[in-house]
Amino acid sequence: MHLQQQISASQPIIDLHDMVLKALSEKFGDAIQRSEIDYDYPVFFVNKSAIHEVLEFLKKDAGMSFTYLTTMCGAHFPESEGQEFMLMYQLHNLQKNLRIRIKTFMATKDLEVPTATDMWAAANWMEREAFDFYGFKFKGHPDLRRILNMDEMNYHPMRKEYALEDASRDDKEDKYFGR
């Protein structure tokens with residue numbers, strides 16, 4: 001399929017996945033690490049060094065037109081050595097009502113990624129939240145500061161290195177909260 005081929009909302013999710021994967025693989029090669037279909041979302045795993053270029057391509061290429069950033073959020077997987085942190089971008093092609101996810105993983109010592117605020121104004125608040133809760137640093141962000149927590153906090157509360165409950169309580173255990 002050619003990159004400029006129109007994506008049709010009537011295509012099955014697997015066809016959408018295959019078409020986007022082919023376009024990304026042709027343009028970015030090994031920067032596209034793998035892909036999968038998670039429920040009804042095609043998911044593409046991208047090398048962190050190419051994340052900005054991939055997002056820009058998906059937004060600006062006429063054949064892709066994923067112009068709306070639905071959400072961007074972080075996650076912490078302390079058991080995955082070398083890939084402890086993940087950023088997930090959910091993109092939406094409004095004209096065809098199609099959605100995809102882009103994920104990139106990184107090590108604890110390397111949480112800097114380029115900002116997406118130059119493409120989507122809404123990324124401003126999403127990136128500030130990811131910074132506030134997880135400690136991601138968005139290079140080029142116009143105002144990277146805490147958005148929900150106090151400025152005086154010297155930690156990032158959504159990291160799984162912190163207990164969910166007060167350690168002095170014996171009636172609550174992390175295992176009851178999915179850990």
Side-chain angles (χ1 to χ4, degrees), residues 13-14 16-18 20-21 24-25 28-59 66 68-92 99-117 119-120 122-141 144-151 153-167 169 172-179:
I13 296 299
I14 195 154
L16 170 64
H17 167 269
D18 293 349
V20 173
L21 179 60
L24 290 176
S25 296
F28 299 101
D30 292 340
I32 309 305
Q33 299 167 329
R34 65 185 175 93
S35 67
E36 65 186 27
I37 297 176
D38 187 13
Y39 297 98
D40 61 344
Y41 279 92
V43 182
F44 304 93
F45 297 82
V46 176
N47 187 308
K48 184 180 83 148
S49 64
I51 192 65
H52 191 271
E53 291 79 14
V54 168
L55 293 172
E56 187 172 40
F57 169 76
L58 289 167
K59 179 181 182 185
F66 289 96
Y68 183 63
L69 176 65
T70 305
T71 192
M72 192 250 13
C73 61
H76 184 207
F77 304 98
E79 68 283 353
S80 299
E81 189 174 333
Q83 295 188 341
E84 295 88 357
F85 288 88
M86 182 219 29
L87 282 174
M88 186 277 297
Y89 300 82
Q90 189 165 289
L91 305 177
H92 191 165
R99 294 177 178 87
I100 61 172
R101 288 187 181 129
I102 306 297
K103 294 183 179 182
T104 188
F105 288 85
M106 61 205 77
T108 302
K109 297 180 189 278
D110 187 20
L111 295 180
E112 185 174 285
V113 293
T115 185
T117 57
M119 291 179 280
W120 295 286
N124 186 327
W125 289 62
M126 296 177 204
E127 290 178 355
R128 286 180 60 192
E129 180 185 51
F131 164 73
D132 192 2
F133 287 144
Y134 294 99
F136 292 102
K137 295 173 183 79
F138 295 92
K139 187 176 181 179
H141 191 282
L144 193 60
R145 59 189 165 95
R146 290 194 180 269
I147 193 167
L148 295 170
N149 293 303
M150 298 177 297
D151 292 334
M153 288 180 74
N154 60 358
Y155 63 96
H156 303 283
M158 292 297 288
R159 290 184 175 189
K160 292 181 181 176
E161 58 202 56
Y162 306 109
L164 290 170
E165 291 288 336
D166 183 348
R169 293 182 65 169
K172 302 280 182 155
E173 294 181 38
D174 279 358
K175 70 180 179 182
Y176 298 125
F177 297 94
R179 289 195 196 166

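As a basis for the values below, the full set of heavy atoms in this structure was taken, side chains included, without hydrogen atoms, waters or symmetry mates. One is the number of the first residue; the rest follow in order along the sequence.
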Any pair with a residue in residues 46-55 that passes salt bridge (Lys or Arg N to Asp or Glu O under 4.0 Å), sequence neighbours left out, goes on the list, sorted by first then second residue, please.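 Those involving residues 46-55 are K48-D110.
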When rounded to the nearest 0.5 angstrom, what is the spacing between [atom1] in [X] and [atom2] in [Y]?
{"X": "L21", "Y": "I14", "atom1": "CG", "atom2": "CD1", "value": "11.0 Å"}
{"X": "H92", "Y": "Q90", "atom1": "NE2", "atom2": "CD", "value": "9.0 Å"}
{"X": "N47", "Y": "F105", "atom1": "CG", "atom2": "CZ", "value": "12.5 Å"}
{"X": "Y134", "Y": "M86", "atom1": "OH", "atom2": "CE", "value": "8.0 Å"}

Considering residues, nucleotides and ligands other than E79, do more than 12 of their heavy atoms fall under 6.0 Å from its CD?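 Above 12, so yes.
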What is the ring orientation for F28 with F57, classed by angle as parallel under 30°, tilted 30 to 60°, or perpendicular over 60°?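 Taking F57 first and then F28, their aromatic rings stand perpendicular (interplane angle over 60°).
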Mind running side chain to side chain contact (heavy atoms under 4.5 Å, CB included) on M72 and W120 for me, showing each step along the way? CA-CA 11 Å; M72 192 250 13; W120 295 286; over 6 Å; no
To check you understand the geometry: which heavy-atom pair defines the closest contact between [X] and [Y], and what is its length?
{"X": "R146", "Y": "R128", "value": "O-NH2, 3.0 Å"}
{"X": "H17", "Y": "E36", "value": "CD2-O, 3.8 Å"}
{"X": "R101", "Y": "D38", "value": "NH1-OD2, 3.9 Å"}
{"X": "L55", "Y": "L91", "value": "CD2-CD1, 4.0 Å"}
{"X": "T108", "Y": "E84", "value": "N-OE1, 3.1 Å"}
{"X": "F138", "Y": "P114", "value": "CD2-O, 4.2 Å"}

[X] versus [Y]: any side-chain heavy-atom pair under 4.5 Å?
{"X": "Y41", "Y": "R99", "value": "yes"}
{"X": "M106", "Y": "L87", "value": "yes"}
{"X": "V20", "Y": "P42", "value": "no"}
{"X": "I100", "Y": "V43", "value": "no"}
{"X": "L148", "Y": "F133", "value": "yes"}

For H76, all residues meeting ring-ring contact (aromatic ring centres under 6.0 Å, His included), sequence neighbours excluded: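 ring-ring contact (aromatic ring centres under 6.0 Å, His included) list for H76, sorted by chain: F85.
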List the residues meeting ring-ring contact (aromatic ring centres under 6.0 Å, His included) with Y39, not counting sequence neighbours, and say none if there are none.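 Once residues adjacent in sequence are excluded, Y39 has no partner under the ring-ring contact (aromatic ring centres under 6.0 Å, His included) criterion.
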What do the steps show when you test M88 against T71 for side chain to side chain contact (heavy atoms under 4.5 Å, CB included), and what is the final call? CA-CA 8 Å; M88 186 277 297; T71 192; 3.8 Å; yes
In sequence, state the C-alpha distance, the side-chain angles, and the governing distance for I51 and Y89, and then conclude on side chain to side chain contact (heavy atoms under 4.5 Å, CB included). CA-CA 10 Å; I51 192 65; Y89 300 82; 3.8 Å; yes
Whether the E127 and T117 side chains hold a donor-acceptor pair (N or O, under 3.5 Å, no angle test) is what I'd like checked.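 No, no side-chain donor-acceptor contact under 3.5 Å.
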